[in-house]
Amino acid sequence: MDFSNLRRAALAAALALLAPIGAFAQAAYPGQPVKFVVPYPAGGATDTLARTVAQKLGEAWGQPVLVENRVGAAGTIGNNYVAKAPGDGYTVLVAITALIQQPSLMDKLPYDALKDFAPVTMIARSPSMLAVPADSPIKSLNDYIAYARANPGKVSFGTYGAGTSAHIQGSLLQQQAGLNLIHVPFNGAAPLVTNLVGGQLSSAFIDSASSRPHLPKLRPLAVTGSARMPGLPDVPSFQELGYHSFDPYGWFGLLLPASTPPAIVQKMSDEVNRILRLPEVTAKIEALGLQVGGGKPDEFAAVLRKDSGIYAKIIKDANIRLSQ
C-alpha cells in the first residue's frame, strides 16, 4: 500500500473541510466592535479623521467602531500596540507619515514599520509649504534663497518639532540650496504659526491643515508634493522649481497587524474607499485643508516603501537624530 498517497489524500480532504470554515469566518467579519487606535491626542487632524471614518464604518457594518487615543513616545506606543495585536481585523492603526520616518530617526523601535503592518488605505494627503509672514519683503523662493545666502546664520525656519516632516524638509532645502538657516523647533503647529504670523520667525515649514486658517497672514513660497495645491494654484511646487525629493506628501492612513488575512484587509479597504467618496466625508477632509486619499492596499504599501527610502536618505545626509 502506498502510504504517501494516502497521506496526501487525507491532507487534501482536511484542507477541503477547513476551507469553508475559513471563508465563513472572513465573510462574518466584523462580528464584534472594531477599535481604531490613534497614537496622538484627541482633537488633532489624525483624531478628527479617525472619528469621521469610524462613524461611517460603524454605520455600514452595524458594529461599533471605537476610537482609542494611545499617546506617548511620539506615537510609537500606539504603533507598537497595534503591531503586537492579534491579526483578526479588530485593532486598526490610524497612522501618519512619522511611522516610516522614525526608523531613520531613532536607534531602536519595538516594531518594523514596513514588515509588522498590513497597509489598508490612505485616508488623506497633506502637502506642506515654506511660508513667510505676509508683510515680508520676500516674494518668491528665489528671493528667499538669495536673501538667506547673503545673510548666513541669520534666517530662521520654524518647525512643529525636531524630527518632524517640517524639520526634514527644511534640512533638505538647506542641503540643496547651500543655506545656513537657524532651525527653531516648536512643540506643535499652533505656537509655530503664531510666531510666524507675529514676525518672530523669518520663515516656517507648515502642513496644509495648520496653515489653512492663517493664509491671509502668510505668504507661501513653494509647496511639497508632486503638483501644486488646488487651493493655491499660483504657488509653485519645489519640484517644478528644480528641487528634488520634495514630492512625498504627508499622509494619514489605516494599517492592520501584518498577520491579518488579506481578505479582511481588502474588505476594510473597499469599505473605507467607499466612505471617502461620500460627499459629506470629502467635504470634511477638504475643510481641514487636506486632500482626500484612497487607493488599494498594495498602492498604499508602495507609497510607504518609496517614501521610507526618500526620508531615510535625507535624514542620514542631514544627520537628524531623536533621543529615546
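Count residues from 1 along the sequence.
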Mind checking whether [X] and [Y] sit in one hydrophobic cluster, side chains of I, L, V, M, F, W, Y counted as touching below 4.5 Å?
{"X": "I275", "Y": "I264", "result": "yes"}
{"X": "L290", "Y": "V235", "result": "no"}
{"X": "L109", "Y": "L255", "result": "yes"}
{"X": "I285", "Y": "L278", "result": "yes"}
{"X": "I96", "Y": "V53", "result": "yes"}

Ion pair [X]/[Y], N-O distance below 4.0 Å:
{"X": "D47", "Y": "R51", "answer": "yes"}
{"X": "D107", "Y": "R321", "answer": "yes"}
{"X": "D143", "Y": "R219", "answer": "no"}
{"X": "K56", "Y": "E271", "answer": "no"}

Ignoring hydrogens and geometry, is there a side-chain-to-backbone donor-acceptor pair from [X] to [Y] under 3.5 Å?
{"X": "S171", "Y": "A318", "result": "no"}
{"X": "Q176", "Y": "H244", "result": "yes"}
{"X": "Q102", "Y": "A74", "result": "yes"}
{"X": "T52", "Y": "T48", "result": "yes"}
{"X": "R70", "Y": "V38", "result": "no"}
{"X": "D207", "Y": "S210", "result": "yes"}
{"X": "R125", "Y": "W251", "result": "no"}
{"X": "K84", "Y": "P110", "result": "yes"}
{"X": "Q200", "Y": "G198", "result": "yes"}
{"X": "D307", "Y": "P248", "result": "no"}

- Task: Apply the test side-chain contact (heavy atoms from CB on, under 4.5 Å) to residues V272 and L254: give CA-CA distance (whole Å), side-chain angles for both, the deciding distance (0.1 Å), then the verdict.
- Result: CA-CA 9 Å; V272 173; L254 298 182; 3.7 Å; yes
Rounded to the nearest 0.5 Å, how far does [atom2] of [Y] lie from [atom1] of [X]?
{"X": "S226", "Y": "F246", "atom1": "OG", "atom2": "CZ", "result": "14.5 Å"}
{"X": "T164", "Y": "L192", "atom1": "OG1", "atom2": "CG", "result": "9.0 Å"}
{"X": "M129", "Y": "S208", "atom1": "CE", "atom2": "OG", "result": "6.5 Å"}
{"X": "S140", "Y": "L221", "atom1": "OG", "atom2": "CG", "result": "7.0 Å"}
{"X": "R305", "Y": "D298", "atom1": "CZ", "atom2": "CG", "result": "8.5 Å"}
{"X": "L276", "Y": "K284", "atom1": "CG", "atom2": "NZ", "result": "13.0 Å"}

- Minimum heavy-atom distance V71-P41, with the two atoms named: CG1-N, 3.4 Å
- Task: Identify the heavy atoms of L141 and L241 that sit nearest to each other, and give their distance.
- Result: CD2-CD1, 3.5 Å
Are the side chains of [X] and [Y] in touch, meaning some heavy atoms are under 4.5 Å apart?
{"X": "L218", "Y": "V132", "answer": "no"}
{"X": "N69", "Y": "Y40", "answer": "no"}
{"X": "V65", "Y": "Q55", "answer": "no"}
{"X": "Y243", "Y": "L172", "answer": "no"}
{"X": "E299", "Y": "V303", "answer": "no"}
{"X": "S156", "Y": "L181", "answer": "no"}
{"X": "I206", "Y": "V193", "answer": "yes"}
{"X": "R274", "Y": "D270", "answer": "no"}

- Message: Classify the ring geometry of Y111 against F117: parallel below 30°, tilted from 30° to 60°, perpendicular beyond 60°.
- Response: perpendicular
- Message: Ring-plane angle category for H183 and F157, please: parallel below 30°, perpendicular beyond 60°, tilted otherwise.
- Response: parallel
Looking only at side-chain N and O atoms, does [Y] offer a donor or acceptor that is under 3.5 Å from a partner on [X]?
{"X": "Y249", "Y": "S126", "result": "no"}
{"X": "Y81", "Y": "K35", "result": "yes"}
{"X": "N79", "Y": "T76", "result": "no"}

- Query: After noting the C-alpha distance and the side-chain angles of T159 and V184, does the key distance pass the side-chain contact (heavy atoms from CB on, under 4.5 Å) rule?
  - Reply: CA-CA 6 Å; T159 70; V184 184; over 6 Å; no
- Please assess D247 against F238 for the test side-chain contact (heavy atoms from CB on, under 4.5 Å), listing each intermediate value before the final yes or no. CA-CA 8 Å; D247 49 308; F238 283 97; over 6 Å; no
- Step-by-step side-chain contact (heavy atoms from CB on, under 4.5 Å) determination, V82 to V92: CA-CA 7 Å; V82 176; V92 189; over 6 Å; no
- Test S104 against Y311 for side-chain hydrogen bond (donor to acceptor under 3.5 Å, both in side chains), laying out the working first. CA-CA 8 Å; S104 299; Y311 287 125; over 6 Å; no
- Message: Does atom NZ (K306) have a neighbourhood of more than 12 heavy atoms from anything else shown, all under 6.0 Å?
- Response: no
- Message: Looking only at the aromatic ring of each residue, does the gap between the centers of Y90 and Y29 stay below 6.0 angstrom?
- Response: yes
